[in-house]
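Just so you know, residue 1 is the first one in the sequence shown, and it goes up from there.
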Amino acid sequence: MTMGKIIFYEDRNFQGRSYECMSDCADMSSYMSRCHSCRVESGCFMVYDRPNYMGNQYFMRRGEYADYMSMFGWNNCIRSCRMIPMHRGSYRMRIYERENFGGQMHELMDDCDSIMDRYRMSNCMSCHVMDGHWLMYEQPHYRGRMYYFGPGEYRSFSNMGFSNMRFMSMRRIVDSYF
């Protein structure tokens with residue numbers, strides 16, 4: 001299994017104290033008071049601007065992020081991060097028009113750049129990820145805020161704190177990202 005490694009720096013352009021992370025971290029404030037740049041050496045991570053994997057999130061793959069706050073349009077520093085395990089095999093997710101797997105249902109096995117264009121679906125309020133790891137976006141063509149969904153049942157996006165969110169496109173986190 002591929003190990004992930006991300007290094008956080010206090011200041012922009014990889015300056016100041018650093019903290020190296022190779023797994024999930026629910027609250028980075030115990031390691032550093034601020035974080036303005038980071039470098040992903042291997043693997044993929046979701047980073048969050050609040051502790052306990054809450055708030056805005058962003059997908060990071062291998063690369064350098066010298067000033068991620070202006071890049072993402074964030075006002076807050078990264079406060080928690082989660083390593084995304086690599087998935088080999090097929091991808092499968094069911095999306096539902098309504099909460100608790102109600103209304104129209106469609107099964108996806110590949111990326112979908114617009115549920116409106118592909119399925120004439122204007123809303124997606126619950127989903128069941130059977131295989132793989134997915135990113136869902138609030139706008140078509142993988143734009144706007146993004147959220148990570150691993151295998152599991154997500155019966156109500158509004159109960160998860162996404163009450164004003166509409167997911168309009170979704171993409172698989174595939175091997176080539178690692």
Side-chain angles (χ1 to χ4, degrees), residues 1-2 4 6 23-28 40 43-61 68-69 71-178:
M1 186 177 150
T2 311
I6 187 169
S23 61
D24 297 355
C25 178
D27 189 357
M28 284 177 38
V40 179
C44 293
F45 290 83
M46 285 312 288
V47 295
Y48 303 81
D49 68 355
R50 287 177 37 211
N52 298 313
Y53 322 113
M54 302 293 280
N56 292 306
Q57 33 185 293
Y58 201 88
F59 174 70
M60 289 185 161
R61 55 207 253 189
Y68 70 84
M69 286 171 73
M71 186 178 152
F72 304 168
W74 282 11
N75 298 322
N76 300 323
C77 293
I78 294 171
R79 289 287 171 218
S80 53
C81 76
R82 176 171 274 157
M83 192 178 81
I84 299 173
M86 188 189 284
H87 173 75
R88 299 208 183 276
S90 62
Y91 287 75
R92 231 160 45 112
M93 172 170 62
R94 290 189 178 140
I95 58 171
Y96 298 84
E97 189 179 21
R98 293 203 273 286
E99 297 194 338
N100 292 311
F101 313 130
Q104 238 191 102
M105 183 277 282
H106 296 283
E107 188 165 303
L108 283 77
M109 297 181 79
D110 59 355
D111 300 350
C112 175
D113 68 354
S114 170
I115 61 170
M116 190 65 187
D117 292 351
R118 191 188 287 184
Y119 303 120
R120 294 280 159 251
M121 202 169 160
S122 61
N123 212 344
C124 167
M125 296 180 75
S126 56
C127 75
H128 179 191
V129 177
M130 282 91 89
D131 297 300
H133 300 265
W134 298 74
L135 293 174
M136 293 174 65
Y137 298 80
E138 68 177 337
Q139 294 168 24
H141 309 293
Y142 320 117
R143 288 202 295 265
R145 289 180 296 175
M146 64 175 76
Y147 291 87
Y148 163 70
F149 290 87
E153 293 188 348
Y154 303 89
R155 292 183 169 277
S156 168
F157 294 153
S158 57
N159 287 351
M160 295 169 64
F162 306 148
S163 48
N164 302 327
M165 280 290 297
R166 288 167 66 134
F167 294 111
M168 300 308 289
S169 53
M170 41 282 302
R171 171 182 272 169
R172 298 160 300 153
I173 300 176
V174 293
D175 279 7
S176 57
Y177 289 160
F178 286 85

Derivation of the salt bridge (charged side-chain N to carboxylate O under 4.0 Å, His left out) call for Arg166 and Glu138: CA-CA 5 Å; Arg166 288 167 66 134; Glu138 68 177 337; over 6 Å; no
Step by step, would you call Met69 with Cys77 a side-chain contact (heavy atoms from CB on, under 4.5 Å)? CA-CA 7 Å; Met69 286 171 73; Cys77 293; 4.1 Å; yes
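- Within the 4.5 Å cutoff, side-chain heavy atoms of Met136 are placed close to those of Met170.
- Nearest heavy-atom pair, Pro140 versus Met168, reported as atom, atom and distance to 0.1 Å: N-CB, 3.7 Å.
- Put simply, the side chain of Glu97 gets close to the backbone of Gln104: a donor and an acceptor are under 3.5 Å apart.
- In terms of heavy atoms, Val47 sits closest to Trp74 at O-CH2, 3.7 Å.
- The OG atom of Ser122 sits 11.0 Å away from the CZ atom of Arg120 when rounded to the nearest 0.5 Å.
- Expressed to the nearest 0.5 Å, how far CD1 of Ile6 lies from CZ of Arg82 amounts to 14.0 Å.
- Proximity of Met121 to Asn123: side-chain heavy atoms (C-beta onward) are nowhere separated by under 4.5 Å.
- Scanning both residues, Tyr142 and Asp111, for their nearest heavy atoms gives OH-CB, 3.3 Å.
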Test side-chain hydrogen bond (donor to acceptor under 3.5 Å, both in side chains) applied to Ser156 and Glu99, step by step: CA-CA 5 Å; Ser156 168; Glu99 297 194 338; 2.9 Å; yes
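- Asp24 places a side-chain N or O within donor-acceptor distance of the main-chain N or O of Met83, the cut-off being under 3.5 Å.
- Asp175 is listed as a side-chain neighbour of Arg88, based on a closest heavy-atom distance under 4.5 Å.
- Centroid-to-centroid, the aromatic rings of Tyr48 and Tyr148 stay 6.0 Å apart or farther.
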Stepwise, does the side-chain contact (heavy atoms from CB on, under 4.5 Å) test hold for Cys124 with Phe157? CA-CA 9 Å; Cys124 167; Phe157 294 153; 3.8 Å; yes
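- In plain terms, the two heavy atoms of Arg50 and Ser80 that are nearest each other are O-OG, 2.7 Å.
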Decide salt bridge (charged side-chain N to carboxylate O under 4.0 Å, His left out) for Glu107 and Arg92; before the verdict, give the C-alpha distance in whole Å, the side-chain angles of both, and the deciding distance to 0.1 Å. CA-CA 7 Å; Glu107 188 165 303; Arg92 231 160 45 112; 3.4 Å; yes
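- A 4.5 Å side-chain heavy-atom check between Tyr53 and Cys81 finds every atom pair outside the cut-off.
- Contact check for Tyr91 versus Val129: no side-chain heavy atoms found under the 4.5 Å cut-off.
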side-chain contact (heavy atoms from CB on, under 4.5 Å) assessment of Asn100 paired with Arg98: CA-CA 7 Å; Asn100 292 311; Arg98 293 203 273 286; over 6 Å; no
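- Judged purely by atom type and a 3.5 angstrom limit, Ser169 has no side-chain atom pairing as donor or acceptor with the backbone of Cys112.
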Yes or no on salt bridge (charged side-chain N to carboxylate O under 4.0 Å, His left out) for Arg118 and Asp110, after CA distance, side-chain angles and deciding distance? CA-CA 12 Å; Arg118 191 188 287 184; Asp110 59 355; 3.3 Å; yes
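- Tyr137 and Gly144 get closest at one heavy-atom pair: CD2-O, 4.2 Å.
- Pro151 has its side chain within reach of His133: a pair of non-hydrogen atoms, C-beta onward, lies under 4.5 Å apart.
- What you find for Tyr177 and Arg172 is that their closest heavy atoms are CE1-O, 3.6 Å.
- Checking side-chain atoms of Asp49 against main-chain N and O of Asn56 turns up a donor-acceptor pair under 3.5 Å.
- Side-chain atoms of Phe59 and Cys44, non-hydrogen and from C-beta on, do get closer than 4.5 Å to each other.
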CA sep, side-chain torsions, deciding dist, call: Arg94, Met130, side-chain contact (heavy atoms from CB on, under 4.5 Å): CA-CA 8 Å; Arg94 290 189 178 140; Met130 282 91 89; 3.6 Å; yes
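- With Met146 as the fixed residue, the side-chain contact (heavy atoms from CB on, under 4.5 Å) test singles out one of Phe72, Tyr58, Phe167: Tyr58.
- Between Met46 and Ile84 there is a side-chain heavy-atom pair separated by less than 4.5 Å.
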Can you list the steps and then say if His128 with Tyr154 is a side-chain hydrogen bond (donor to acceptor under 3.5 Å, both in side chains)? CA-CA 6 Å; His128 179 191; Tyr154 303 89; over 6 Å; no
